[in-house]
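Below is one structure, written out as structure tokens; the observations come after it.
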Amino acid sequence: MAAARNDVSNDVNKALQRAFEELADGLDLLGESSFRSASHRRVARAIGDLTAPIDQLGDDPAQLRARLEAIPGIGEGATRRILEFVEHGEIADHVEILERVPGGLFQLLQVPGLGPKAVRTLWQELGVQGVDDLRRELDSGRVESLPRMGRKTVQNLRSALEFLTRTRDRLPVALAMPLALDLRDGLRSVEPEARVEIAGSLRRGVETIGDLDLVAAHHDPAARRRLAEAFVNDGRVTDVLASGERKCSVRLSAGGHAIQADLRLGEPAAFGAALHYFTGSKEHNVLMRQIAIGFGRRLNEYGLFEGDEPRPQDHGGTPLAGAEEAELYDALGLPFIPAELREEAFDPARVGLEALRDLLARLIDEDQIVADLHTHSTASDGRHSLEELVAIARRRGLAVLAVTDHSRSSVLAGGLEIDALREHVAAIRELAAGLDDLVLLAGAEVDILPDGSLDYPDEVLAELDVVVASPHVSLSQDRATATRRLLAAIRNPHVHILGHPTGRIVGRRRGLQPDIDALCAAASEHGTALELNANPRRLDLDDAALRRAVEVGCLVAIDTDAHSDAQFGYLSYGVRTARRAGLPADSCVNTWEPERLRDWLADKSVGARGR
DNA sequence: GCCGTTTTCGGCCCGACTGTTTTCAGTCG
């Protein structure tokens, strides 16, 4: 399927990001300074983090230049190149690199085990210009004649190429998390006394996962060996990449997906340092180590040590901290930064220590959520009756549950005609009247039709306690049309929540690409909440868009969109994403006391800015 | 290439593991 080109301006960011990545890779392949290439990579990341099209960052070139240079990591050179791209559609340095370096070499860098040095050697010595050339040369036996290339390396490259064809994309968190939990629990059952935790980007709440990271600690070396053996001998393992005393690395095949998994092993006294190191992000680790240096200390995965001696753990050094992550932050004069915030965007040096402390004090936590305002019953495509939903909500400790079945246009999902909706609402209200421990609300998930009108007339919407308005069809509209469509829903006085605003499916469907800033401004003005749909296949809005919403101070609704009991468990995915955006609990309507929630539902203008 | 409560020049995180080597380069996270 061709990628939807419904958003020309954001393609500018994508193209620029790619240009800087290729600049970096190209310099590496040419053997240039690794600091220059690292710098280009940092610029590429910074561009990838932008939510607005880069050419719309300023009204004129001077303003654009100033805004660009204010972004950490983007200096004079990168600014010049970006402006050059905006004006001419290409960057001379980038074009030159592409002329000097065969395009296939960039793909070769993606082959696990092949780095810039090896690719350069293959290119210069054997004329290898891409994956097909490499396959041929591996078969010819000539690769083995190169320096530092032996039989084992050739064998590893063969299986790496095979792995690469099976892992075109990163794994959506919905698939990665169950696998990681299973691996974790398997290790825990092998050594019940061991501490075993999931680390890596999965712990940070990233929506797609490149590989799985686990950390385990046990005081007994024999127990650690048993953990390592269990890990590399798992039935799903297809290749063992490394198997050492402290680190094991394997490739797994599960449910039709191939993914790499790494296990880090150590002493309980260093568990916090290891967990911290293996959780990342890489940028956060670098930052923490730099801060440690500022204190005249050294941070590594064994702990925080006094002095600047390399490998202090080997010289009988006793760490100042290491058993728990919190000790590391404390010893470096920082507040504990939760895993979801260990990204460049929340760098303490960038946001300021005071602002960071304030953000952490207000940051949303899963146990603060007491309401789910978007769920489905058997009236449309849900699995449970109203009575069953009430039982589930009670068991899960909710104070408020809204049943929001589909509207009439969603025929396949069993959307309700107006008469059926009214009967359904009456049934919900009757059941609600007999409850004293749960507020049960009658609502609907109303389709936002392609032209921005809603699937029920206003007088019907007015009869409901909660209206979630969501786009379900025409999800390839252009940016301007999509923005107009969603703005119309946000401005409707009967709409409380804009449900899964883009309609994207992680890794599969791009969905609408509206002007997020315009949506946030309107939502803020009208007191409408933007949904963070917690279904891990959706996570819509995503963390970057939600960060914009947080900056503007919009109301946000984190709802599960549950169609079954198990799907109420999606909440944790939603909360992790919300934390990645720095969402304060108070901005999330699902944390509000039922009384306050009712007031807002009765008149959402009480939630609008400046009221 | 970027950056500065040590610096506008001189640095830029730290360690595990493998495979090919007789002491370590390359890759990875």
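The figures here come from the full heavy-atom set of this structure, side chains too, leaving out hydrogens, waters and symmetry mates. Below, read A as the first sequence line, B as the second, and so on, with proteins coming before strands; counting in each chain starts at 1.
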- Item | For B/dT8, the Watson-Crick or wobble counterpart (both distances under 3.5 Å) |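 Looking at the geometry, B/dT8 pairs with no nucleotide.
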
Hey, does [X] reach any base, or is it just sugar-phosphate, or nothing, if we go heavy atoms under 4.0 Å?
X        : value
A/Arg311 : sugar-phosphate
A/Tyr277 : base
A/Pro147 : nothing
A/Arg246 : sugar-phosphate
A/Leu241 : sugar-phosphate
A/Arg81  : sugar-phosphate
A/Gln260 : sugar-phosphate
A/Ala118 : sugar-phosphate
A/Ser37  : nothing
A/Gly280 : nothing
A/Met149 : sugar-phosphate
A/Lys117 : sugar-phosphate
A/Asn300 : sugar-phosphate

- Task: With DNA chain B as reference, determine whether A/Val43 or A/Gly294 sits nearer its 5' end, using the nearest nucleotide of each.
- Result: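 Going by which nucleotide is closer to the 5' end, it is A/Val43.
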
- Query: Mapping A/Ile293 and A/Ala78 onto DNA chain B by nearest heavy atom, which one lands closer to the 5' end?
  - Reply: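 Per heavy-atom nearest nucleotide, the more 5' residue is A/Ala78.
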
- Does anything in residues 209-221 of chain A pair up under side-chain hydrogen bond (donor to acceptor under 3.5 Å, both in side chains), and if so which pairs, sequence neighbours excluded?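 Sorted pair list comes back empty.
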
Determine the interatomic distance between [atom1] on [N] and the same-named atom on [M]; round to the nearest Å.
N      : M      : atom1 : answer
B/dG1  : B/dT5  : C1'   : 24 Å
B/dC14 : B/dC9  : C1'   : 25 Å
B/dT27 : B/dT21 : P     : 15 Å
B/dC13 : B/dT18 : P     : 25 Å
B/dC12 : B/dC17 : P     : 25 Å
B/dG10 : B/dT6  : C1'   : 13 Å
B/dC28 : B/dT20 : P     : 16 Å

- Query: A/Gln260 and A/Asp262: side-chain donor and acceptor closer than 3.5 Å?
  - Reply: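 Yes, because at least one side-chain N or O of A/Gln260 sits under 3.5 Å from a partner of the opposite role on A/Asp262.
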
- Message: Is it the case that the side chains of A/Ser281 and A/Arg342 hold a donor-acceptor pair, with the cut-off being a distance below 3.5 Å and no angle test?
- Response: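 Per modelled atom types, A/Arg342 and A/Ser281 side chains form no pair under 3.5 Å.
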
- Message: Using a 4.0 Å cut-off on heavy atoms, which residues in residues 317-328 of chain A reach DNA chain B? List them by number, or say none.
- Response: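 Under 4.0 Å from DNA chain B: no residue of residues 317-328 of chain A.
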
- Can the positive tip of A/Arg251 be found less than 6.0 Å from the middle of the six-membered ring of A/Phe163, inside 45° of the ring normal?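 Checked: cation-pi criterion met.
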
- Given salt bridge (charged side-chain N to carboxylate O under 4.0 Å, His left out), test A/Glu344 with A/Arg42 step by step and report yes or no. CA-CA 10 Å; A/Glu344 275 183 307; A/Arg42 186 144 188 253; 3.1 Å; yes

Electrostatic pair [X]:[Y] at N-O distance under 4.0 angstrom:
X        : Y        : answer
A/Arg41  : A/Glu21  : no
A/Arg67  : A/Asp60  : no
A/Arg45  : A/Glu283 : yes
A/Arg204 : A/Glu340 : no

- Message: Between A/Arg547 and A/Glu551, does the salt bridge (charged side-chain N to carboxylate O under 4.0 Å, His left out) criterion hold? Intermediate values first, please.
- Response: CA-CA 6 Å; A/Arg547 218 167 277 164; A/Glu551 283 166 19; over 6 Å; no

- Under a criterion of less than 4.0 angstrom to any heavy atom of chain A, what are the 5'-terminal and 3'-terminal contacting nucleotides of DNA chain B?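 Listed 5' to 3', the contact boundaries are B/dG1 to B/dG29.
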
- Query: A/Arg135 and salt bridge (Lys or Arg N to Asp or Glu O under 4.0 Å): which partner among A/Asp139, A/Asp133, A/Asp132?
  - Reply: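 Answer after filtering A/Asp139, A/Asp133, A/Asp132: A/Asp132.
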
